[in-house]
Amino acid sequence: MPDSDHDLLTRFLLPHAGVRGVHVRLHGSWQELLSHASYPPAATRLLGEACAAAAMLTAHVKVEGRLSLQLRADAQLKLLFAECTAAGTVRGIAQLEDGSDAPADLQRLVNPVLAITIENPGLDPREPLRYQSLVELASGALDEVLEDYFRQSEQLPSRLLLVADGAHACGLMLQKLPGDEGDDDGWARAGALFDTLSPEELAATPGPALLHRLFHEEAPEVMLQKGLAFQCSCSRERVAAMLQSLGEEEALAAARDGEVEIQCGFCGRFYHFPLAEIGVLFGLPPANVPAPDRLQ
(Lines give C-alpha, C1' and ligand atoms only; values in the text may rest on other atoms or scores of the structure.)
Protein backbone atom coordinates (compact mmCIF):
# COMPACT_ATOMS: atom_id res chain seq x y z
CA MET A 1 0.00 0.00 0.00
CA PRO A 2 1.16 3.62 -0.54
CA ASP A 3 2.28 5.84 2.33
CA SER A 4 -0.68 6.06 4.70
CA ASP A 5 -0.14 9.81 5.05
CA HIS A 6 -0.82 10.21 1.36
CA ASP A 7 -3.33 7.54 0.31
CA LEU A 8 -5.78 7.02 3.11
CA LEU A 9 -9.49 6.85 3.85
CA THR A 10 -10.47 7.83 7.39
CA ARG A 11 -13.95 7.40 8.84
CA PHE A 12 -14.44 9.31 12.07
CA LEU A 13 -17.01 10.41 14.62
CA LEU A 14 -17.55 13.66 16.52
CA PRO A 15 -19.49 12.05 19.39
CA HIS A 16 -20.45 15.14 21.38
CA ALA A 17 -21.69 16.91 18.25
CA GLY A 18 -23.53 13.85 16.92
CA VAL A 19 -21.70 14.05 13.58
CA ARG A 20 -20.00 11.41 11.44
CA GLY A 21 -17.42 12.11 8.76
CA VAL A 22 -15.16 10.69 6.08
CA HIS A 23 -11.85 12.06 4.86
CA VAL A 24 -10.01 10.85 1.75
CA ARG A 25 -6.56 11.81 0.52
CA LEU A 26 -5.08 10.40 -2.70
CA HIS A 27 -1.50 11.04 -3.73
CA GLY A 28 0.50 8.11 -5.11
CA SER A 29 -2.63 6.41 -6.41
CA TRP A 30 -3.75 9.66 -8.09
CA GLN A 31 -0.30 10.19 -9.60
CA GLU A 32 -0.33 6.67 -11.04
CA LEU A 33 -3.83 7.13 -12.45
CA LEU A 34 -2.74 10.35 -14.19
CA SER A 35 0.38 8.67 -15.60
CA HIS A 36 -1.81 6.61 -17.95
CA ALA A 37 -3.45 9.58 -19.69
CA SER A 38 -3.05 13.29 -20.36
CA TYR A 39 -6.00 15.49 -19.41
CA PRO A 40 -6.44 19.27 -19.61
CA PRO A 41 -6.68 21.17 -16.30
CA ALA A 42 -10.44 21.26 -15.69
CA ALA A 43 -10.89 17.59 -16.61
CA THR A 44 -7.99 16.66 -14.30
CA ARG A 45 -9.61 18.54 -11.45
CA LEU A 46 -13.05 17.04 -12.02
CA LEU A 47 -11.72 13.48 -12.39
CA GLY A 48 -9.72 13.83 -9.18
CA GLU A 49 -12.76 15.15 -7.32
CA ALA A 50 -14.83 12.24 -8.63
CA CYS A 51 -12.20 9.69 -7.54
CA ALA A 52 -12.03 11.20 -4.05
CA ALA A 53 -15.83 11.22 -3.87
CA ALA A 54 -16.11 7.59 -4.99
CA ALA A 55 -13.65 6.56 -2.28
CA MET A 56 -15.49 8.62 0.35
CA LEU A 57 -18.83 7.09 -0.52
CA THR A 58 -17.53 3.54 0.01
CA ALA A 59 -17.24 4.48 3.70
CA HIS A 60 -20.64 6.13 3.75
CA VAL A 61 -22.78 3.29 2.36
CA LYS A 62 -22.44 -0.48 2.49
CA VAL A 63 -20.15 -1.48 -0.36
CA GLU A 64 -18.85 -5.04 -0.57
CA GLY A 65 -17.88 -4.83 -4.23
CA ARG A 66 -17.43 -1.48 -5.97
CA LEU A 67 -18.95 1.97 -6.15
CA SER A 68 -18.73 4.23 -9.17
CA LEU A 69 -19.66 7.74 -10.23
CA GLN A 70 -20.41 8.07 -13.92
CA LEU A 71 -21.19 11.34 -15.70
CA ARG A 72 -22.18 11.40 -19.37
CA ALA A 73 -22.94 14.40 -21.57
CA ASP A 74 -23.44 15.14 -25.25
CA ALA A 75 -20.59 17.61 -25.71
CA GLN A 76 -17.19 18.65 -24.27
CA LEU A 77 -17.03 16.05 -21.49
CA LYS A 78 -18.39 12.88 -23.08
CA LEU A 79 -17.69 10.62 -20.10
CA LEU A 80 -16.33 10.85 -16.59
CA PHE A 81 -15.97 7.61 -14.64
CA ALA A 82 -14.48 7.09 -11.16
CA GLU A 83 -14.57 3.89 -9.13
CA CYS A 84 -13.46 2.63 -5.74
CA THR A 85 -13.73 -0.93 -4.47
CA ALA A 86 -14.32 -2.23 -0.97
CA ALA A 87 -10.66 -3.28 -0.96
CA GLY A 88 -9.60 0.35 -1.45
CA THR A 89 -8.53 0.22 -5.09
CA VAL A 90 -9.25 3.30 -7.18
CA ARG A 91 -9.37 3.98 -10.93
CA GLY A 92 -10.93 6.54 -13.24
CA ILE A 93 -11.09 7.91 -16.75
CA ALA A 94 -12.34 10.96 -18.64
CA GLN A 95 -13.28 11.12 -22.32
CA LEU A 96 -13.46 14.52 -24.00
CA GLU A 97 -14.36 15.87 -27.38
CA ASP A 98 -11.25 16.57 -29.46
CA GLY A 99 -9.67 19.82 -28.32
CA SER A 100 -12.14 20.30 -25.47
CA ASP A 101 -11.80 20.55 -21.73
CA ALA A 102 -14.46 19.93 -19.08
CA PRO A 103 -16.49 23.06 -18.25
CA ALA A 104 -15.78 24.78 -14.95
CA ASP A 105 -19.53 24.78 -14.30
CA LEU A 106 -21.23 21.38 -14.60
CA GLN A 107 -24.52 23.06 -15.44
CA ARG A 108 -23.01 24.06 -18.77
CA LEU A 109 -22.87 20.41 -19.87
CA VAL A 110 -25.27 19.36 -22.62
CA ASN A 111 -27.84 16.76 -21.49
CA PRO A 112 -25.75 15.50 -18.55
CA VAL A 113 -26.60 12.33 -16.63
CA LEU A 114 -24.84 11.59 -13.33
CA ALA A 115 -25.26 8.17 -11.75
CA ILE A 116 -23.94 6.55 -8.57
CA THR A 117 -23.78 2.77 -8.96
CA ILE A 118 -23.05 0.16 -6.28
CA GLU A 119 -22.21 -3.41 -7.24
CA ASN A 120 -22.16 -5.99 -4.48
CA PRO A 121 -21.50 -9.71 -4.94
CA GLY A 122 -24.53 -11.87 -5.70
CA LEU A 123 -25.05 -15.58 -5.29
CA ASP A 124 -23.70 -16.00 -8.82
CA PRO A 125 -20.29 -14.25 -9.05
CA ARG A 126 -21.05 -13.44 -12.69
CA GLU A 127 -24.24 -11.59 -11.73
CA PRO A 128 -23.53 -8.85 -9.17
CA LEU A 129 -26.33 -7.08 -7.35
CA ARG A 130 -26.46 -3.61 -8.85
CA TYR A 131 -28.07 -0.51 -7.32
CA GLN A 132 -28.08 2.79 -9.17
CA SER A 133 -29.19 6.30 -8.22
CA LEU A 134 -29.47 9.21 -10.64
CA VAL A 135 -28.23 12.51 -9.26
CA GLU A 136 -29.64 15.88 -10.29
CA LEU A 137 -27.06 18.43 -11.41
CA ALA A 138 -28.61 21.31 -9.49
CA SER A 139 -25.26 23.05 -8.88
CA GLY A 140 -22.16 23.76 -10.90
CA ALA A 141 -19.61 22.03 -8.62
CA LEU A 142 -19.44 18.29 -7.93
CA ASP A 143 -19.19 18.65 -4.15
CA GLU A 144 -22.27 20.89 -4.10
CA VAL A 145 -24.16 18.44 -6.33
CA LEU A 146 -23.38 15.54 -3.99
CA GLU A 147 -24.11 17.63 -0.90
CA ASP A 148 -27.56 18.42 -2.27
CA TYR A 149 -28.11 14.78 -3.21
CA PHE A 150 -27.39 13.44 0.28
CA ARG A 151 -29.39 16.14 1.96
CA GLN A 152 -32.43 15.30 -0.20
CA SER A 153 -32.08 11.52 -0.48
CA GLU A 154 -31.29 10.86 3.19
CA GLN A 155 -33.02 13.88 4.74
CA LEU A 156 -29.90 14.53 6.82
CA PRO A 157 -27.81 17.72 6.87
CA SER A 158 -24.54 17.11 4.99
CA ARG A 159 -21.41 19.10 4.16
CA LEU A 160 -18.92 18.10 1.49
CA LEU A 161 -15.74 19.61 0.06
CA LEU A 162 -13.68 18.17 -2.82
CA VAL A 163 -10.41 19.39 -4.26
CA ALA A 164 -7.97 18.02 -6.85
CA ASP A 165 -4.92 19.15 -8.78
CA GLY A 166 -1.98 17.39 -10.41
CA ALA A 167 -0.61 16.28 -7.03
CA HIS A 168 -3.54 15.31 -4.80
CA ALA A 169 -7.23 14.45 -4.87
CA CYS A 170 -8.95 14.95 -1.51
CA GLY A 171 -12.37 15.12 0.06
CA LEU A 172 -14.07 15.70 3.40
CA MET A 173 -17.68 14.95 4.23
CA LEU A 174 -19.66 15.59 7.41
CA GLN A 175 -23.16 14.34 8.10
CA LYS A 176 -25.43 14.74 11.09
CA LEU A 177 -26.19 11.43 12.75
CA PRO A 178 -29.86 10.42 12.53
CA GLY A 179 -32.02 10.88 15.59
CA ASP A 180 -31.23 13.07 18.56
CA GLU A 181 -27.59 12.07 19.00
CA GLY A 182 -25.28 14.90 19.99
CA ASP A 183 -25.98 18.10 21.87
CA ASP A 184 -28.31 20.84 20.64
CA ASP A 185 -25.77 22.95 18.77
CA GLY A 186 -23.41 20.12 17.73
CA TRP A 187 -24.21 20.31 14.01
CA ALA A 188 -23.85 24.09 14.01
CA ARG A 189 -20.42 23.83 15.69
CA ALA A 190 -19.25 21.17 13.24
CA GLY A 191 -20.48 23.26 10.31
CA ALA A 192 -18.70 26.37 11.59
CA LEU A 193 -15.44 24.41 11.84
CA PHE A 194 -16.00 22.96 8.37
CA ASP A 195 -16.43 26.49 6.98
CA THR A 196 -12.92 27.42 8.14
CA LEU A 197 -11.41 24.78 5.81
CA SER A 198 -10.14 26.10 2.49
CA PRO A 199 -9.61 23.89 -0.59
CA GLU A 200 -5.88 24.69 -0.37
CA GLU A 201 -5.69 23.46 3.24
CA LEU A 202 -7.63 20.30 2.37
CA ALA A 203 -5.21 19.53 -0.47
CA ALA A 204 -2.08 20.24 1.57
CA THR A 205 -2.86 18.47 4.86
CA PRO A 206 -2.80 14.70 5.55
CA GLY A 207 -5.91 13.28 7.18
CA PRO A 208 -4.79 12.76 10.79
CA ALA A 209 -3.31 16.27 10.99
CA LEU A 210 -6.36 17.81 9.34
CA LEU A 211 -8.82 16.15 11.73
CA HIS A 212 -6.80 17.30 14.73
CA ARG A 213 -6.48 20.84 13.38
CA LEU A 214 -10.18 21.20 12.62
CA PHE A 215 -11.92 19.16 15.29
CA HIS A 216 -9.59 18.69 18.27
CA GLU A 217 -12.06 20.48 20.57
CA GLU A 218 -14.72 17.91 19.55
CA ALA A 219 -12.48 14.95 20.53
CA PRO A 220 -12.78 13.11 17.19
CA GLU A 221 -12.81 9.32 17.29
CA VAL A 222 -11.30 7.47 14.33
CA MET A 223 -13.57 4.54 13.47
CA LEU A 224 -11.72 3.20 10.42
CA GLN A 225 -8.54 3.85 8.48
CA LYS A 226 -7.90 2.15 5.16
CA GLY A 227 -5.12 2.50 2.61
CA LEU A 228 -6.03 3.34 -0.98
CA ALA A 229 -4.19 2.37 -4.17
CA PHE A 230 -4.61 2.55 -7.91
CA GLN A 231 -5.58 -0.75 -9.51
CA CYS A 232 -7.30 -1.68 -12.75
CA SER A 233 -9.63 -4.67 -13.02
CA CYS A 234 -8.99 -5.32 -16.72
CA SER A 235 -7.87 -8.81 -17.76
CA ARG A 236 -7.33 -10.79 -20.93
CA GLU A 237 -10.47 -12.79 -20.14
CA ARG A 238 -12.60 -9.64 -19.87
CA VAL A 239 -11.21 -8.23 -23.11
CA ALA A 240 -11.90 -11.55 -24.86
CA ALA A 241 -15.47 -11.47 -23.57
CA MET A 242 -15.83 -7.92 -24.85
CA LEU A 243 -14.64 -8.98 -28.32
CA GLN A 244 -17.12 -11.86 -28.32
CA SER A 245 -19.90 -9.45 -27.41
CA LEU A 246 -19.01 -7.28 -30.42
CA GLY A 247 -19.42 -10.19 -32.85
CA GLU A 248 -16.90 -11.80 -35.16
CA GLU A 249 -17.39 -9.41 -38.09
CA GLU A 250 -16.78 -6.28 -36.01
CA ALA A 251 -13.87 -7.87 -34.16
CA LEU A 252 -12.16 -8.82 -37.43
CA ALA A 253 -12.80 -5.34 -38.84
CA ALA A 254 -10.64 -3.94 -36.01
CA ALA A 255 -7.67 -6.11 -37.03
CA ARG A 256 -4.41 -4.47 -38.13
CA ASP A 257 -1.24 -6.26 -39.23
CA GLY A 258 -2.72 -9.67 -38.53
CA GLU A 259 -4.01 -9.01 -35.02
CA VAL A 260 -6.55 -7.11 -32.94
CA GLU A 261 -4.93 -4.76 -30.45
CA ILE A 262 -6.96 -3.45 -27.51
CA GLN A 263 -5.66 -0.88 -25.05
CA CYS A 264 -7.25 -0.42 -21.63
CA GLY A 265 -8.20 3.22 -21.16
CA PHE A 266 -7.73 2.98 -17.38
CA CYS A 267 -4.23 1.54 -17.07
CA GLY A 268 -2.85 1.69 -20.62
CA ARG A 269 -2.17 -2.04 -20.84
CA PHE A 270 -2.26 -3.53 -24.35
CA TYR A 271 -3.92 -6.85 -25.21
CA HIS A 272 -3.03 -8.57 -28.49
CA PHE A 273 -5.23 -11.14 -30.21
CA PRO A 274 -3.78 -12.71 -33.40
CA LEU A 275 -6.35 -13.45 -36.12
CA ALA A 276 -6.04 -17.16 -35.48
CA GLU A 277 -6.98 -16.57 -31.86
CA ILE A 278 -9.95 -14.43 -32.92
CA GLY A 279 -11.22 -17.43 -34.91
CA VAL A 280 -10.86 -19.63 -31.85
CA LEU A 281 -12.80 -17.10 -29.75
CA PHE A 282 -15.79 -17.33 -32.06
CA GLY A 283 -15.56 -21.07 -32.40
CA LEU A 284 -16.08 -21.52 -28.67
CA PRO A 285 -19.00 -20.79 -26.33
CA PRO A 286 -18.89 -17.33 -24.71
CA ALA A 287 -16.20 -16.87 -22.10
CA ASN A 288 -17.12 -17.52 -18.47
CA VAL A 289 -16.36 -13.87 -17.70
CA PRO A 290 -19.44 -11.91 -18.81
CA ALA A 291 -18.96 -9.12 -21.30
CA PRO A 292 -19.30 -5.77 -19.53
CA ASP A 293 -22.49 -3.76 -19.88
CA ARG A 294 -20.55 -0.76 -18.61
CA LEU A 295 -16.94 0.37 -18.37
CA GLN A 296 -14.73 -2.31 -16.88
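Quick caveat: nothing in here was measured; it's all calculated off a predicted structure. Values below: every heavy atom of this structure, side chains too, minus hydrogens, waters and symmetry copies.
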Discussion item. Is it true that, when you exclude Gln107 itself, more than 12 heavy atoms of the residues, nucleotides or ligands shown sit nearer than 6.0 Å to its CD?
Written reply: yes
Worksheet item: Should we say atom CD of Gln155 is surrounded by more than 12 heavy atoms from elsewhere, each under 6.0 Å from it?
Response: yes
Practice prompt. Would you tell me whether Ser100 and Gln76 have side-chain atoms, one donor and one acceptor, within less than 3.5 Å of each other?
Written response: no
Worksheet entry | Side-chain donor or acceptor of Asp183 paired with backbone N/O of Gly186 under 3.5 Å | yes
Fill in: From CG (Leu47) to CZ (Arg45), nearest 0.5 Å
11.0 Å
Worksheet item: From His60 NE2 over to Phe150 CZ, what is the distance, rounded to the nearest 0.5 angstrom?
Response: 4.5 Å
Item to complete: Quick one: sort the Phe270 and His272 rings into parallel, tilted or perpendicular, breaks at 30° and 60°.
Response: parallel
Worksheet item: What distance separates Leu162 CG from Leu172 CG, expressed to the nearest 0.5 Å?
Response: 9.5 Å
Worksheet item: So, is the end of the Arg236 side chain (NZ or CZ) under 6.0 Å from the ring centre of Tyr271 and within 45° of the ring's axis?
Response: no
Worksheet item: Just how far is it from atom OG1 of Thr44 to atom CD of Glu49, taken to the nearest 0.5 Å?
Response: 11.0 Å
Worksheet, complete the sentence: In short, Ala167 meets His27 closest at the heavy-atom pair O-ND1, 3.0 Å
Response to the item:
All heavy atoms of Pro206 vs all of His23, minimum pair found to be C-CE1, 4.4 Å
Practice prompt. Compute both the distance and the angle, then confirm whether Arg189 meets the cation-pi test with Phe215: under 6.0 Å from the six-membered ring centre, within 45 degrees of the axis.
Written response: no
Worksheet item: Side-chain heavy atoms under 4.5 angstrom apart, residues restricted to Ile, Leu, Val, Met, Phe, Trp, Tyr: same cluster for Leu146 and Leu109?
Response: yes
Worksheet entry | Residues, nucleotides or ligands: over 12 heavy atoms within 6.0 Å of Glu97 CD | yes
Practice prompt. Determine whether Leu211 and Val19 fall in the same hydrophobic cluster, where Ile, Leu, Val, Met, Phe, Trp and Tyr are linked whenever their side-chain heavy atoms lie under 4.5 Å apart.
Written response: yes
Item to complete: Identify the heavy atoms of Thr58 and Val63 that sit nearest to each other, and give their distance.
Response: CA-CG2, 4.0 Å
Practice prompt. Please report the closest heavy-atom contact between Ala115 and Leu134, naming both atoms and the distance.
Written response: CB-CD2, 3.8 Å
Worksheet, complete the sentence: Shortest non-hydrogen pair, Leu8 vs Gln225, comes out as CD2-NE2, 3.7 Å
Item to complete: Could you give me the CA-CA distance, side-chain angles and deciding distance for Arg108 and Asp105, then say whether salt bridge (charged side-chain N to carboxylate O under 4.0 Å, His left out) is met?
Response: CA-CA 6 Å; Arg108 292 172 52 195; Asp105 185 338; over 6 Å; no
Worksheet item: When you measure from the side chain of Tyr39 to the backbone N and O of Ala94, does any donor-acceptor pair fall under 3.5 Å?
Response: yes
Worksheet item: Near Asp184 CG, under 6.0 Å, is it more than 12 heavy atoms from other residues, nucleotides or ligands?
Response: no
Discussion item. Less than 3.5 Å apart, any donor N or O on the side chain of Glu147 or Ser158 sitting next to an acceptor on the other?
Written reply: no
Worksheet item: Which distance, rounded to the nearest 0.5 Å, do you find between the OH of Tyr149 and the CD of Glu136?
Response: 12.0 Å
Discussion item. To the closest 0.5 Å, what do you measure between CG (Asp7) and CD (Glu32)?
Written reply: 10.0 Å
Practice prompt. Please name the pair of heavy atoms, one in Cys51 and one in Gly92, separated by the smallest distance, quoted to 0.1 Å.
Written response: SG-CA, 4.3 Å
Worksheet item: Any side-chain donor paired with an acceptor under 3.5 Å for Asp148 and Ser139?
Response: yes
Worksheet item: Hey, which of Leu106, Leu79, Val113 is the one that makes side chain to side chain contact (heavy atoms under 4.5 Å, CB included) with Leu71?
Response: Leu106
